[in-house]
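First the structure, then my questions, so here it is.
Whatever order the structure lists them in is the order used to number ligands and atoms, beginning at 1.
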Amino acid sequence: MISPRIHHFDTVDSTNDVALEMARRGEPEGTVVIGKRQLKGKGRRGRSWWDEPGKSVLMSVILTPDRPPTELAHLSFVASLAVAECLEAKCGLPVSLKWPNDVLVRERKIAGILVETTHVPSGTAAVVGIGVNVNQKEFPPDIAFTATSVALEKGTVDSVDELASALSEGLFANYETFLVEGFEEILGRWRNYMWGLGRQADVAAEGRSLRGTVAGVDSTGALVLRDSLGSDHAIRAADAVVEVLP
Ligand code: BTN
């Protein structure tokens, strides 16, 4: 079992950037960077990640699984599952997971995952960044109708730090499962939370656009979209945009 080495910071540009730099300097697997505030929080697809000081979990974890780089994307399933299980167990929230790794409560996003990699002397290190909206009661206008927080869904959380610890414990437990039992075990549990199954969606990936019914996630973690003729398409691109139709 990996023992976490937790580093707390007050203000950073991005906990992912701090963890990437630490990994390059040789900090080992299990290093956890927690920030109270980010000035340049990063989201997927070049977006920014907004936070209000002290009111979110902002966490990045260095992991170095001995797996081919193509499989490092599996870590986003390991992490989103840990967030879903933690928010369900600790906060009693009805959580669902939107492929590839958005964490939703009642159709609104409560948490996001950003996995980045860097070269280190021993090969490749992954940094798994997790942002959870915890005690925010208001959001900036551009995300006001799509974001939510634990406080808005359930009530204020007494200790954001305790939630962060529970989350890091869950993440390491799931990572251990991933290493020992394999990705299928994680996927099996991930599928229980999958959002959008059976719904019509437009998916834009690798410069093409597809419309179909969300049919599931295959054994590699690709989204399966069934077109109107009944053919299945596996969507692998990490930068795919899935828009479920009303
Ligand atoms: C997304 O777009 O859904 C991913 C958001 C990831 C945000 C987290 S907050 C902690 C870590 N540091 C960052 O700069 N980003 C991730």
When rounded to the nearest 0.5 angstrom, what is the spacing between CG in N192 and OG in S96? 12.5 Å
Do V115 and L97 sit in one hydrophobic cluster, given that two such residues count as connected whenever their side-chain heavy atoms are within less than 4.5 Å of each other, even indirectly? yes
Any cation-pi pair here, R67 with F178, using under 6.0 Å and within 45°?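 Cation-pi check for R67 and F178: passes.
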Verdict with supporting geometry, K36 and D10, salt bridge (charged side-chain N to carboxylate O under 4.0 Å, His left out): CA-CA 5 Å; K36 274 199 174 14; D10 193 12; 5.6 Å; no
Does D13 come within less than 4.0 Å of K42, counting only side-chain N to carboxylate O?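 Between K42 and D13 there is no salt bridge, as every charged N stays at least 4.0 Å from the carboxylate O atoms.
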Give me each pair satisfying side chain to side chain donor-acceptor pair (under 3.5 Å) with a member in residues 159-172, each pair once, sequence neighbours excluded. none
Under 4.0 Å from ligand 1 - residues by heavy atom, chain and number: S14, T15, N16, Q38, G41, K42, G43, R44, W49, L58, M59, S60, D102, K109, G112, I113, L114, G129, I130, G131
